[in-house]
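Taking it in order: structure first as structure tokens, then the write-up.
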Amino acid sequence: MTIAIIGTGIAGLSAAGALHAAGLDVQLFDKSRGSGGRMACTRKDFGAIDIGAQYFTSRDRRFADAVQHWRSLGWVDEWKPSLYDFADGQLRPSQDEQVRWIGTPRMSSITRGLLGDLPVRFSCRITEVFHGKENWHLQSAEGESFGPFSHVVVATPPHQAAPLLAAAPKLASTAAGVTMEPVWAVALAFDQPLDTPVEGCFAHDSAIDWLARNRDKPGRAGKPDIWTLNASSRWSRQHLDLDKEAVIEQLHGLFAEQIGCAVPPPTFAHAHRWLYARPAASHEWGALADPDLGLYVCGDWCLSGRVEGAWLSGQEAARKLLQHHTR
Ligand code: FAD
Ligand code: NAD
């Protein structure tokens, strides 16, 4: 019997890959038009822009092994930016020994690779997950029904997971209790490259807490000179309902102050509001489960709000399911 997986971010695809490798059938669903979730890109005539996750690190051995495998497949490469730190109005070089990874030629190459030929329904928002006499069934916002399924893995941010967990009120209330922080992400493109050695910059107590130069990332050379900016969660919360043009204008002005070189008006700008960008705190759940029901929940919010945490959470959901399944 098939296992339904709701969400094709890195957590859902991590779970799907592990279950598929164990010989089980999976069927994926996502409300978006493509896979990747918060590792997705926005595609423009001049190329793809990483509008979600900017890079990732690996600290867990299992994830490090997976990243090496992805590297051998050409999905990721190491990114060695010229890093800066912006604090007290000063921009200072801030190199370190941390290894940072990036999808090539775009962040979504990883999730695209993990999806492979697995069966998936895109543009399909699941609104209801219910258990019939013996099996699980799903209902979409478009009025379609899917099933029967032996198990369901919910791999969405917590507030999107909670309504899908009505069959397991304890899991639903755990998910509903998680606070996620918003982030405004903006991409700015300039025809003439900005005159700065900065390739990535962390900032503290500032409206923009991260900025990076796209063309210095592996596989992304070319014109124009594109920069991605992440507003801090604090600023994003305070400006949640600002329209996109105003967000671009404000962050462009702050970027010009922070980067320390002349910044002309952008030739192209894009803003994306991530309502559920990152969990306010880390958790140690790994994955949530009601094994007797056959319902599993994973996502970055079950561990750390990072790509690594999301991947590990997907592995943990699959491990719990397989453990119960083969008992
Ligand atoms: P998601 O990627 O959110 O995937 C969930 C999926 O579920 C989505 O595709 C969504 O469309 C789908 N979905 C939701 N509800 C439904 C439904 N009802 N029916 C069907 N489908 C549904 N992490 C790092 O490690 N390094 C970084 O530099 C970094 N930078 C970031 C910058 C930004 C701007 C953001 C937003 C995040 C960043 N992160 C970073 C965090 C990282 O992107 C996430 O931790 C990770 O991608 C989360 O993966 P996930 O699979 O748990 O969730
Ligand atoms: P990491 O080790 O590179 O960064 C962790 C944190 O340490 C950074 O946020 C930064 O504050 C600090 N830091 C690291 N190197 C620094 C340096 N050379 N100079 C100054 N400060 C430095 O990576 P990680 O632990 O894998 O975290 C991933 C990144 O993803 C973080 O930057 C985190 O803020 C970011 N993230 C962003 C969002 C978002 O929505 N914007 C969501 C989740 C995670």
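Note that ligands are numbered from 1 as they come in the structure, with each ligand's atoms numbered from 1 the same way.
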- Does H204 reach ligand 2, in the sense of a heavy atom lying below 4.0 Å from it? yes
- Message: Please determine whether any non-hydrogen atom of Y55 lies less than 4.0 Å from an atom of ligand 2.
- Response: yes
- Task: Would you confirm whether the ring centroid of F255 sits within less than 6.0 angstrom of the ring centroid of W227?
- Result: yes
- Message: Using 30° and 60° as the class boundaries, would you call the ring planes of W136 and H131 parallel, tilted or perpendicular?
- Response: perpendicular
- Query: Which residues pass the side-chain contact (heavy atoms from CB on, under 4.5 Å) test with Q250, sequence neighbours left out?
  - Reply: W235, H239, L242
- Item | Non-hydrogen atom of Q54 closer than 4.0 Å to ligand 2 | no
- Which ligand 2 atoms, with their elements, are less than 4.0 angstrom from a heavy-atom of D96? 15 (N), 16 (C), 17 (C), 18 (N)
- Message: Taking 4.0 angstrom as the limit and counting only heavy atoms of N230, give me the atoms of ligand 2 inside it, by number and element.
- Response: 41 (N)
- Item | Closest protein heavy atom to atom 43 (C) of ligand 2, given as residue, atom name and distance to 0.1 Å | G305 O, 3.0 Å
- Message: So for R100, does at least one of its heavy atoms come nearer than 4.0 angstrom to any atom of ligand 2?
- Response: yes
- What about D209: any of its N or O atoms under 3.5 Å from an N or O on ligand 2? no
- Item | Stepwise side-chain hydrogen bond (donor to acceptor under 3.5 Å, both in side chains) test for T228 and Q54 | CA-CA 8 Å; T228 47; Q54 299 290 298; 2.7 Å; yes
- Message: So for ligand 1, is N230 a polar contact partner (N or O within less than 3.5 Å, distance only)?
- Response: no
- Task: Apply salt bridge (charged side-chain N to carboxylate O under 4.0 Å, His left out) to R59 and list each qualifying residue two or more places apart in sequence or on a separate chain.
- Result: none
